[in-house]
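Read through the structure below, which is laid out as structure tokens, and then see the notes.
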Amino acid sequence: MSSRDPQRQPVAGWLFITPMLVVLGLFLAAPIVMALWVSVSDWTGRGSPFSSEVSFVGAQHYRDLLATDGLARQDFMTSMRNTFYYVLGVVPAQTVLALTLAVIVNQRFLRGRTFFRTAFYFPSVVSSVAISLVFLFLFTGTGAVNQFLGLFGISGPNWFADSRGVLHVAGDAVGLWDASAPPSGLAGTEVLSLSLWEWLAGPSVALSAIMLQVVWTTAGTFMLMFLAALQDLPAEVDEAAMVDGANRWQRFMNVTVPHLRPTILLVITLGIIGTWQVFDQVYIMTDGGPAKTTLTPAYLSFQTAFENIDFPKGAAIAFLLFALIFVLTQLQRFLLRDRDEARQRRAERQQRRQRRHTPARPTSEVSA
Amino acid sequence: MSTTTRTAAPKTSAPAVGERDTSVKKVVVYAALIAFAIIYIYPFVVQLVTAFKTNADAVDHPLSLIPDPFSLDAWNRLLDTQFPLWFTNSFVVTIFVTVMRVLFCSMAGYALARLKFFGRDTVFLLLLAVMSVPGIVLLIPKFLVINYLGIYNSYPALILPLAVDAAGVFIMKQFFEQIPPSIEEAARIDGAGPFRTFWSVVLPMARPALITLTILSFQGSWNELGHFIIATNDSDLYTLTRGLASLTSGGLGSGNQFPITMMAGLLMTIPSAIVFIFFQRYFTQGANAGAEKG
């Protein structure tokens with residue numbers, strides 16, 4: 001590491017990153033530390049959380065949310081249940097829709113591809129508030145959606161006011177159970193402050209409407225990712241498969257989908273990270289209702305802190321959500337790790353190393 | 001991977017051996033396309049049309065695409081609310097955030113890509129760690145610090161926490177790593193210091209990345225909701241997102257406000273739409289650049 005190296009600019013380097021360090025330090029790192037302290041304290045929201053009157057209470061708030069039977073745990077578990085069904089519905093749906101849209105828009109013979117691509121992507125650049133306002137209107141009891149369903153003789157539900165669980169309704173429809181008199185085995189068994197019957201509710205009708213909206217909104221962004229990947233697919237590979245006599249569906253499943261595998265994994269990962277954080281729509285449209293069926297951890301944490309003025313518990317919920325997202329993404333990365341991808345990454349790393357070596361620079365500076 | 005190589009990638013062309021785009025296939029694809037297009041465009045048309053309806057007309061004929069009678073009621077009533085103030089607030093905040101983000105992110109991105117200084121790798125690792133913190137988790141923590149600093153209910157509280165975006169730094173770093181170092185070396189040999197090199201040589205070359213970042217920042221701060229919820233509770237400081245969200249606080253679809261909320265949403269969407277239409281290809285790049293951080 002020679003001091004003559006003209007690229008060595010210790011002072012300039014630190015000056016250049018100072019604004020970033022200040023802003024991220026002040027509004028990202030410091031908040032996390034402060035909130036961690038608050039989540040293990042008994043701060044009431046008045047005065048400084050660092051004053052001597054505020055004391056350490058250990059993991060009490062976390063215990064209230066996870067281990068102690070009570071309203072706090074019941075609400076938290078309700079929000080977890082809701083969001084679990086929400087993620088389970090939204091992530092596959094938006095991935096499939098995005099891929100479908102990308103494949104359609106990628107058809108060579110199509111006229112006006114740019115127009116359609118724009119139309120599908122547009123909701124992604126519009127504020128969630130504006131879209132939520134439109135969907136509130138479309139999904140009111142006498143709104144456009146129900147009038148449209150009425151054309152086919154279907155009388156739609158009063159979407160955002162309907163707390164019935166979709167699985168409860170479906171089970172009732174196929175004769176599995178009577179939703180008005182749930183089987184006592186399910187209704188009487190309590191797990192983590194919710195009865196099995198409640199755990200099995202599925203997303204409520206209200207939550208389903210939000211799910212539809214989110215799938216509709218986010219598919220466009222993911223479509224662009226799929227489109228970029230599709231355009232990287234070499235035509236020769238597809239042709240070779242064709243020569244081998246593979247039909248269109250076989251080619252899609254055996255050539256296109258494997259080629260898209262990394263993109264699919266990325267879309268699913270980003271989808272899971274994004275969906276567990278759902279907040280805006282709940283804040284704008286439902287406030288967690290009806291009957292807490294659109295309560296999500298992010299919204300519950302906000303509500304606990306700012307409406308019930310219980311910052312310690314609100315912060316604890318936020319950290320539990322953080323931990324959950326972190327574990328899920330790590331788990332998923334581990335389960336779906338791709339050998340090809342790893343090999344490719346190794347090759348890229350090697351390439352990068354070689355590129356850095358070319359202008360004779362000291363090797364000690366190379367960071368792999 | 002560079003975004004430029006992506007756009008430059010040859011589009012698969014020329015129907016291959018034995019491939020015929022049969023008319024059946026065409027019909028199916030076009031049918032699917034039109035169905036999806038309706039699903040995607042119709043809500044915006046409804047929004048546009050309903051904004052010019054009367055309350056009664058909007059409630060009675062939600063499917064109808066012709067306002068009957070045509071009404072500017074919603075517009076007039078909206079002007080009586082704090083809407084114009086919220087619009088101004090949104091503009092002020094968005095402009096400040098965008099300028100600061102573009103400047104700070106490109107400075108940091110350049111330093112992390114090109115300048116060598118002690119601790120650079122550590123800083124970059126910290127940046128990656130910070131990027132993986134889900135934004136929604138930070139709402140309460142950010143409020144605590146804003147409150148502690150005594151800037152709650154002020155413009156600085158709205159603007160400063162958004163002034164740097166870790167993903168933006170990452171995008172700029174990626175970009176600067178692709179610029180050939182020879183040009184900077186030439187500037188240095190001519191006696192330009194790091195600041196001068198950055199300002200007059202590097203930044204002008206970074207135009208595409210700067211535009212992408214500008215658009216992402218504009219879009220991000222114009223549409224931001226969560227941060228503005230925790231940074232203020234004073235309706236004089238509301239931005240559009242926060243203000244409009246408060247318009248629906250009646251909760252579950254109070255049936256008589258729809259033309260107003262549609263008009264408000266429409267007006268809020270116009271700036272985004274203009275930026276989007278003029279800079280569409282940068283959106284595409286931004287979406288993919290953002291993807292690569294994952």
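Side chains are part of it too, since the values below use all heavy atoms of this structure and drop only hydrogens, waters and symmetry mates. Note on naming: letters A, B, ... go to the chains in the order of the sequence lines (proteins, then strands), and numbering restarts at 1 for each one.
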Let me know if [X] has heavy atoms under 4.5 Å from chain A in its side chain, its backbone, both or neither.
| X | value |
| --- | --- |
| B:Asp165 | neither |
| B:Leu103 | neither |
| B:Leu138 | side chain |
| B:Ile146 | side chain |
| B:Thr269 | side chain |
| B:Ile39 | both |

Checklist entry - Going through the distances and angles, do A:Phe122 and B:Phe44 end up as a side-chain contact (heavy atoms from CB on, under 4.5 Å)? => result CA-CA 10 Å; A:Phe122 189 63; B:Phe44 292 107; 3.7 Å; yes
Using heavy-atom distances under 4.5 Å, tell me whether [X] contacts chain B through its side chain, its backbone, both, or neither.
| X | result |
| --- | --- |
| A:Leu110 | both |
| A:Phe116 | side chain |
| A:Phe326 | neither |
| A:Thr118 | both |
| A:Phe50 | side chain |
| A:Phe306 | side chain |
| A:Thr269 | neither |
| A:Leu133 | both |
| A:Val23 | side chain |
| A:Leu24 | side chain |
| A:Leu227 | neither |
| A:Leu28 | both |
| A:Val278 | neither |
| A:Phe222 | neither |

Taking all non-hydrogen atoms of both residues, which atom of [X] and which atom of [Y] are closest, and how far apart?
| X | Y | value |
| --- | --- | --- |
| A:Ser48 | B:Tyr148 | OG-CE1, 3.5 Å |
| A:Gln147 | B:Asp60 | NE2-O, 3.8 Å |
| B:Val145 | A:Met34 | CG2-SD, 3.7 Å |
| B:Ile136 | A:Gln277 | N-OE1, 3.1 Å |
| A:Pro10 | B:Phe117 | CA-CB, 3.5 Å |

For the interface with chain A, which of [options] has the highest count of heavy-atom pairs at distances below 4.5 Å?
| options | answer |
| --- | --- |
| B:Ala111, B:Pro43, B:Ser106, B:Gly135 | B:Pro43 |
| B:Ala264, B:Pro194, B:Gly265 | B:Pro194 |
| B:Gly226, B:Ser272, B:Ala58, B:Ala129 | B:Ala58 |
| B:Val133, B:Ile41, B:Val169 | B:Val133 |
| B:Phe198, B:Phe143, B:Tyr42, B:Phe124 | B:Phe143 |
| B:Ala108, B:Gly109, B:Pro134 | B:Pro134 |

If you count heavy-atom pairs under 4.5 Å with chain B, which of [options] comes out on top?
| options | answer |
| --- | --- |
| A:Trp276, A:Phe137, A:Phe115, A:Phe322 | A:Phe137 |
| A:Ala130, A:Ser124, A:Gly220 | A:Ala130 |
| A:Ala305, A:Pro123, A:Ala219, A:Ala315 | A:Pro123 |
| A:Ala29, A:Ala298, A:Ala144, A:Ala318 | A:Ala144 |
| A:Phe139, A:Phe120, A:Phe319 | A:Phe120 |
| A:Ile104, A:Thr100, A:Val33 | A:Ile104 |

Checklist entry - Stepwise, does the side chain to side chain donor-acceptor pair (under 3.5 Å) test hold for B:Lys26 with A:Gln107? => result CA-CA 9 Å; B:Lys26 280 189 184 177; A:Gln107 295 297 323; over 6 Å; no
Checklist entry - Is the B:Phe276 to A:Tyr121 ring centre distance short of 6.0 Å? => result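 Yes, the ring of B:Phe276 comes within the 6.0 Å limit of the ring of A:Tyr121, centre to centre.
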Next on the checklist: Is the distance from the ring center of A:Trp216 to that of B:Tyr40 below 6.0 Å?
Outcome noted: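 Yes.
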Next on the checklist: If you apply the rule side-chain contact (heavy atoms from CB on, under 4.5 Å), what do you find for A:Ser301 with B:Ile140, and how did you get there?
Outcome noted: CA-CA 8 Å; A:Ser301 131; B:Ile140 296 173; 3.3 Å; yes
Checklist entry - Taking it one step at a time, do A:Phe311 and B:Leu144 satisfy side-chain contact (heavy atoms from CB on, under 4.5 Å)? => result CA-CA 9 Å; A:Phe311 286 97; B:Leu144 294 174; 4.2 Å; yes
Checklist entry - Between A:Met20 and B:Leu127, is a side-chain contact (heavy atoms from CB on, under 4.5 Å) present by the stated rule, with each step listed? => result CA-CA 10 Å; A:Met20 171 187 83; B:Leu127 184 77; 3.9 Å; yes
